[in-house]
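Notes for the one structure printed next.
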Amino acid sequence: MLQQTQVLRVEPRWHEFLAQFPTLHSIASAEVSQVEEAWEGLGYYARARNLHRTARLVTRDGADAAATLPSKAEVLRTLPGIGRYTAGAVASFAYGQRTPLVDTNVARVLQRVFLPKARRKVAATENALWELAERSLPLKSGAVWTHNQALMEIGALVCTARVMRCGQCPLRVVCGTASRVVLSPVSDAVAAPRRQR
DNA sequence: AACTCGGGGTT
DNA sequence: AACCCAGAGTT
């Protein structure tokens, strides 16, 4: 549901959906039309159809077997509706795998920190961001959940698309964009109160 | 690499 | 009126 849809829009619908479809089995045993109906108003209805297909794929073998998603990103990636980002999200958040993820938030943060000159939307830039996400992962897999979550949170709350709150960003000291922005006279006014003592 | 899929809030 | 959003699949 969160693919290209804001958390605020998704959250209430997600609770409703889970009440109706608490398990992968319940989705798999339903008709596609029922899942699409539960999706009404969210848009991007291919997501609902892909979810239904994935539910049927992972519940295929063993009607009573516990339906579980694969734990490795490269395997998750093969399921319908699960692309590079969602595979990384499930693998690192649900299974604690040492795997990078790049969503719109992480892409923006990494680009502003490491590639201040690069142009977004370019394929080469996109690949470079995934490479950066991979190389900046903590070495211990136990720290990856927090690392990935933190990058996303910084993008969602601090380093937002239209407003960069560099004054409260923990990456300020290493950021290729913040150093220029903070030093500019206009943006500096925001950080000015901190300078008073 | 470019297009398409959505709806709703924010700027 | 544009932009933006925890992207993915198809052409």
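As the structure is a computational prediction, the values presented were derived from the model and not from experiment.
- Atom CD in A:Gln4 sits about 8 Å away from atom P in C:dC5, given to the nearest Å.
- Going from the P atom of C:dA8 to that of B:dG8 covers 23 Å, rounded to whole Å.
- A donor-acceptor pair under 3.5 Å is formed between the side chain of A:Thr54 and the backbone N or O of A:Pro80.
- With rounding to whole Å, A:Glu11 atom CD is found 15 Å from B:dG9 atom P.
- DNA chain B is contacted by both A:Arg9 and A:Ala46; A:Ala46 maps to the nucleotide lying nearer its 5′ end (nearest heavy atom per residue).
- The distance from atom CG of A:Leu2 to atom P of B:dG7 is 18 Å, rounded to the nearest whole Å.
- Residue-to-nucleotide proximity on DNA chain B shows that, of A:Val163 and A:Val122, the 5′-proximal contact is made by A:Val122.
- At whole-Å resolution of the value, CD in A:Gln3 and P in B:dG8 are 19 Å apart.
- Of the listed nucleotides (B:dG8, C:dG9, C:dG7), C:dG9 has the atom at the smallest distance from the side chain of A:Arg77.
- Checked by atom type, the side-chain pair A:Arg108/A:Asn105 shows a donor-acceptor distance below 3.5 Å.
- Under the 3.5 Å distance criterion, the side-chain polar atoms of A:Gln111 are matched with a main-chain donor or acceptor of A:Ala118.
- In this structure, A:Tyr44 places its OH atom 15 Å from P of C:dT10, rounding to the nearest Å.
- Of the candidates C:dC5, C:dA8, B:dG6, C:dA8 carries the atom nearest the A:Tyr85 side chain, counting heavy atoms from C-beta on.
- For A:Arg162, counting side-chain heavy atoms from C-beta on, the closest listed nucleotide (C:dG9, C:dC3, B:dG6) is C:dC3.
- Ranking C:dG7, B:dG7, C:dC5 by closeness to the A:Tyr45 side chain, first place goes to B:dG7.
- Atoms CE (A:Met1) and P (C:dA8) sit 16 Å apart, rounded to a whole Å.
- With no hydrogens or angles considered, no side-chain donor-acceptor pair links A:Arg119 and A:Thr125 at under 3.5 Å.
- Note on A:Glu16 versus A:Arg13: salt bridge recorded, some NZ/NE/NH1/NH2 to OD/OE distance being below 4.0 Å.
- An OP1 or OP2 oxygen of C:dC5 is reached within less than 4.0 angstrom by no side-chain nitrogen or oxygen of A:Thr5.
- Going from atom CZ of A:Arg49 over to atom P of B:dC5 covers 11 Å, rounded to whole Å.
- When heavy atoms are screened at a 4.0 angstrom cut-off, A:Ala89 is found touching no nucleic acid atom at all.
- At whole-Å resolution of the value, CH2 in A:Trp39 and C1' in B:dG6 are 12 Å apart.
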